[in-house]
Amino acid sequence: MQKINLLPKPKKIEFTGDEVELEKLPIQTEINSNNVQEPGNEAYRLVVTKDGIFISARTETGLRWGRATLAQLMIHKRVPCIVIDDAPLFPERGVMLDISRDRVPTMKTLFQIVDLLASWKMNHLQLYVEHTIAYLGHEEVWKSSSPITLEELSALDVYCSQKGVSLNANQNCLGHFERWLKHPRYAPMGETSKAYMINDVWFVQPNTLCPIDPKVLPFLEDILSQQLPRCSGKYANIGCDEPWDLGKRRSKEICEKEGKHKVFSRHVNKVAEISRNLGKIPQFWCDPEPNEDDGLTKDIIALVWGYSATTNFNERATAHLECGREVWVAPGTNCWNSTTGRTWSRRANLDLASRTKEATGFLCTAWGDNGHRQVLPLTIFGFADAAMVAWSGANQYDNASAGLHSFGVPAVGEWLAQLGNVDIEIFRGERPRWDGKTPGNPVPNGNALWSEMNTHLFEQDGYGDIPAWEEVSARLEQLRRNLPDGLEQTVKEECLFSVDVSKWIVDRAIIRRQKLTTEERKKLAFRMAELIATHRHLWLERSRYGGLEDSSSRFAFHCSRW
């Protein structure tokens, strides 16, 4: 009997008879709680017999998910007679896609993502926004970024609603304001006016709004009042994470007098009130080193985020739960800061998030740090993993189901999982560094390939020795030879590009650990020029032009570091 690939895995499935042809069977649906075995308003029962297909649920939402499972069964044409009793682990199951780090998807791409989410029984979508919505009156900030217009946002909202997915507002409202504060009109609202180094290692431009500036709240109310009514979802993510500048200049005196945490919480409370006045339930990012104090309003959802294989979601979640605040977990796809994805760390991270006690929402984030250079299949594969966990719980991954229900090819799921683990021993700190010492800890917020690409060609340092990188090279060559057939052309090209840019990094790693020659450096530069051309081509297949030049220049930068 053939395997049945379902995404996510049902809670219970029982095989009750011989195979039947689904297309020939009548379908009956009903709202009937007496037939539903699992708890919750989203639960359903799907029964396939030789006489017909029967779907029962307590609500229309449950029927929708039952039909979604049936649609996946229909791919197989013939299936065994079965009984499926199913319900989700989390009531809110969503993803957040970063559209502010250079890459703004086309509407076609966004609709395709919504289709996939709905087919996987995900019910929540956010688009992470800093500056890429075409807010009226703020044209100088977004004019070159090819933003999503307010009309397009409304159209996306309608499409989401038709598919059973809620589109929820998202606008960062304190930190991550570099794209605004670089403009003369907005610079006076910043906490600082000069770039500086964080911990003497990280150079940043002014990025945080000054919470005591009287112009800040009216400005935020303006842009929130433009976006929030366009999203019919009941939540508004106001961000406020990583306010690196806070207390460094304009608010320094009051932060020293009252405490930075109090100043932060007061600002979040005021923005949250704006959101509530606009009819939304506010959410904010709870940083690993929390900025809030006891004055933070209880009527706000704490999004406890973290992306590593050791993220302690429970500690921060418990702190908010104990004071009566609702908590969601926000793990990540771990596809950013990589050219391959990061399979093992993503799955460990998702599993930890799913085990967080009393969390009511699961929001998987896909960021675009450093130019959003990862191709879409890496993001989609990460979202598919998240859909499995948010519905079924930890360690419920099925590569074949992810490949089939994401790309129409079961085998590509295993291929992408292997690609995401291609540098796993170096990534996890299990292989010697350049100096022969074994680090023992994973590469932070990226994989070994990404770290290597961002290390200067002449630095006598780096993760992994030559034998380790030669193993990675052999794996990449095998993956390139064994890319499964049947993929849509753009997906095929994106997968091959991921392999090719990763192979460039590996070759660079091996060359720089040996005696460098001018000829070898020239060859690497010529290869990178070809990779950038492919990056540009593939970008325009999925995304708008705005941001492409910035993203491409980041690839070129790796050649300039010589």
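Worth knowing before you read on, the calculation uses all heavy atoms, side chains too, and leaves out hydrogens, waters and symmetry mates. We number each residue from 1, following the sequence as shown.
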(Q) Using the rule given for side-chain hydrogen bond (donor to acceptor under 3.5 Å, both in side chains), can you reason through N334 versus S345, listing the C-alpha separation, both sets of side-chain angles and the distance that settles it, and then say yes or no? (A) CA-CA 7 Å; N334 278 19; S345 60; 2.8 Å; yes
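Taking the six-membered ring where the residue is Trp, the centroids of W344 and F427 are separated by under 6.0 Å.
No hydrogens or angles considered: a donor-acceptor pair under 3.5 Å links the side chains of S502 and T339. With 3.5 Å as the limit, one finds a donor-acceptor pair spanning the side chains of N370 and N337.
Distance check, rounded to the nearest 0.5 Å: OG of S100 to CG of N170 gives 8.0 Å. One finds the CG atom of D98 at 7.0 Å from the CD atom of E130 (value rounded to the nearest 0.5 Å).
At a threshold of 4.0 Å, the pair R347-D385 counts as salt-bridged, since one of the basic side-chain nitrogens sits closer than that to a carboxylate oxygen. Under the 4.0 Å criterion applied to side-chain N and carboxylate O atoms, R475 and E425 are assigned as salt-bridge partners.
Closest approach of L476 and V506 over heavy atoms only: CD1-CG2, 3.7 Å. In plain terms, the two heavy atoms of V409 and P484 that are nearest each other are CG1-CB, 3.9 Å. For the residue pair W120 and H405, the shortest heavy atom distance occurs at NE1-O, 3.3 Å. Nearest heavy-atom pair across A169 and Q227 is CA-OE1, 3.3 Å. Closest approach of V20 to K50, counting heavy atoms only: CG1-CA, 3.9 Å. Here the closest heavy-atom approach between residue H76 and residue Q72 is recorded as CD2-O, 3.6 Å.
Classification of the W328-Y235 ring pair by plane angle, with boundaries at 30° and 60°, yields perpendicular.
Counting heavy atoms from C-beta outward, D351 and V389 have side chains that approach closer than 4.5 Å. In this structure, the side chains of R373 and S551 come closer than 4.5 Å at one or more pairs of heavy atoms. Using a 4.5 Å heavy-atom cutoff, the side chains of T379 and Q374 are in contact. Using a 4.5 Å heavy-atom cutoff, the side chains of E530 and I532 are not in contact. Residues T490 and E494 are in side-chain contact: their nearest non-hydrogen atoms beyond the backbone lie under 4.5 Å apart. At a threshold of 4.5 Å between non-hydrogen side-chain atoms, the residues N123 and E42 count as touching. Considering only heavy atoms from C-beta on, F313 comes within 4.5 Å of N349 through its side chain. At least one side-chain heavy atom of L73 sits under 4.5 Å from a side-chain heavy atom of L22.
Within 6.0 Å of atom NZ in K492, 12 or fewer heavy atoms from other residues, nucleotides or ligands are found, so the atom counts as exposed in its surroundings.
The side-chain hydrogen bond (donor to acceptor under 3.5 Å, both in side chains) with S56 is formed by just one residue from the set R45, E30, Q28; it is E30.
Because its NZ or CZ atom is both nearer than 6.0 Å to the ring centre of W336 and within 45° of the ring axis, R342 counts as a cation-pi partner of that residue. Geometric assessment of K121 against the ring of W391 yields a positive cation-pi assignment under the 6.0 Å and 45° thresholds.
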